[in-house]
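Sequence lines set the chain letters: A, B, ... in the order given, protein chains first and strands last, and positions in each chain run from 1. Predicted model, so just to flag it, every value in this text is computed and none were measured. Computed from heavy atoms alone, side chains included, the values below leave out hydrogens, waters and symmetry copies.
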2 protein chains.
Amino acid sequence: MSEYRTYLDLNGNPIVNTNKIKILETAIDLFSRKGYSGVSIREITREVGIKESSLYNHFASKEELLGVIFLNFRRAIGEILLPPEMLRGALKQMIAEQFLQQGVINFKAHIDDPINARIWRIVTIEQYRDPLARSILVEDIIQRTLSFLESAFALMIEQGAVKPHPPKLLAAEYQYPLFGMITEYNLQKYLDQDTSAIEQSMADHIEFFLSHVRTA
Amino acid sequence: MSEYRTYLDLNGNPIVNTNKIKILETAIDLFSRKGYSGVSIREITREVGIKESSLYNHFASKEELLGVIFLNFRRAIGEILLPPEMLRGALKQMIAEQFLQQGVINFKAHIDDPINARIWRIVTIEQYRDPLARSILVEDIIQRTLSFLESAFALMIEQGAVKPHPPKLLAAEYQYPLFGMITEYNLQKYLDQDTSAIEQSMADHIEFFLSHVRTA
DNA sequence: GTCTATAGGAGGATAGAC
DNA sequence: GTCTATCCTCCTATAGAC
């Protein structure tokens, strides 16, 4: 169990009870491997070391438990991207290359946290069954990243750092390969496989992309 | 139910019994929406209109049912890509653009079949729980496509149609965006949403890619 | 090949004592 | 906040008649 992470409940209050945190993290682990429907309350509480009935003192239902997991993931995702109002300032201080590399570093810090990686997998597994999982995937991950990058590339073009392609096209060309590679990265991490090849592919992609769009 | 599709059982024999086919297609539909663990034998047989016990006359277990679904999906996937021995001949008759566009047409024919789209979603859902789903995703979809494209780009370079980048890099740059976009396409189809934007993104990607790598 | 009947366990969830 | 005890439903799977 991660010692220093804080979780919020549905009212936005920090969760302090040790068993409640244990339930959350055990559920995250099991859901990410077997899916929500493949895991029973019984299995979670057995692993935590409490009785089934005790879980209901912390969460009203199995579904609420998943809801709290997703709520906290939304918070964590929010920290990957720079706030839009800081975009212009950041791009004044960095060249395009640095800016994009910093984005990858931020993302890597996020996904290399085992808890985040697990919830990312839960979102993938549950996207067709659960509307909340789906909205996290579509709105918080895909759309948010693409529109952030669209603004960033528009600014880079304004600065003359990048050739004047449509910013939306640049965002898609830059990000979609990374989405595909992240899926693979996440699966390899799950299997404890070596991820150096796919990480190299990510780096190669950024280099290939920039070599064709930068003005310098 | 699709009238003309044929399914094979685990021994490679065609499945002719109507109820057995109904069970398969009902299971495909339900698994693709709720996941394997989220669907019961009871639910499947209720929809088919038979008793639970009758299902076991056709499939030894729920797991075997999923196994037969995956077996038939492997066959269907095999038809997307050109056999490697026909690659050289095809590239003599087509320019790079035509060749890649034909690939997208082939793939679109595959994924626009509702049954294939559903099994594609089952594979996504079950990739962490089920080793067979995982091997379909990694070996039959990702690796097979990338190594096919690597050969194709190597030939295009040989023919002078494409600039001499490493073929593996070209394959990754070409295909990973499509993987990402297919995920989105498949989700939008599931939600009966308009897919024209993401389809346009696929076309834009191919054009963007070719404009930077073709020699002409 | 489909049925009725049933086994035997696992599922989510609650009541009430401490 | 955790426990024991319990509810009732749903689960996969089998036996045996027709």
Taking the six-membered ring of Phe59(A), is the NZ or CZ of Lys20(A) close enough (under 6.0 Å from the centre) and on axis enough (within 45°)?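 Yes, Lys20(A) and Phe59(A) form such a contact.
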Could Lys34(A) and Tyr128(B) be counted as a cation-pi pair, given that NZ or CZ must be under 6.0 Å from the ring centre and within 45° of the axis?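 No cation-pi geometry.
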Need to verify one output field. Residue with the more 5' nearest nucleotide on DNA chain C, Ser54(B) or Glu63(A)?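 Nearer the 5' end of the strand: Ser54(B).
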So, taking the atom named NE2 in His205(A) and the one named CZ in Phe209(A), what distance separates them when rounded to the nearest 0.5 Å?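 Answer for the NE2-CZ pair, His205(A) versus Phe209(A), is 6.5 Å.
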Gap separating the CG atom of Leu191(A) from the CD atom of Gln127(B), nearest 0.5 angstrom: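 One finds 9.5 Å between CG of Leu191(A) and CD of Gln127(B).
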Using a 4.0 Å heavy-atom cut-off across all strands, classify Lys62(B) as base, sugar-phosphate, or nothing.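 Sugar-phosphate contact only - Lys62(B) comes under 4.0 Å of backbone atoms but never of a base.
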Show the nearest heavy-atom pair for residues Gln188(B) and Asp194(B), with the distance to one decimal.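 Closest heavy-atom pair between Gln188(B) and Asp194(B): OE1-O, 3.5 Å.
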Close side-chain approach of [X] and [Y], heavy atoms under 4.5 Å:
X	Y	answer
Trp120(A)	Thr124(A)	yes
Leu71(A)	Tyr7(A)	no
Phe107(A)	Leu178(A)	no

Between which nucleotides of DNA chain C, 5' to 3', does chain B make heavy-atom contacts below 4.0 Å?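 Answer, 5' to 3': dG1(C) to dT4(C).
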Contacting residues from residues 38-48 of chain B, given that a heavy atom lies under 4.0 angstrom of DNA chain D: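 The stretch gives Val39(B), Ser40(B), Ile41(B), Arg42(B) as the residues lying under 4.0 Å from the strand, ordered by number.
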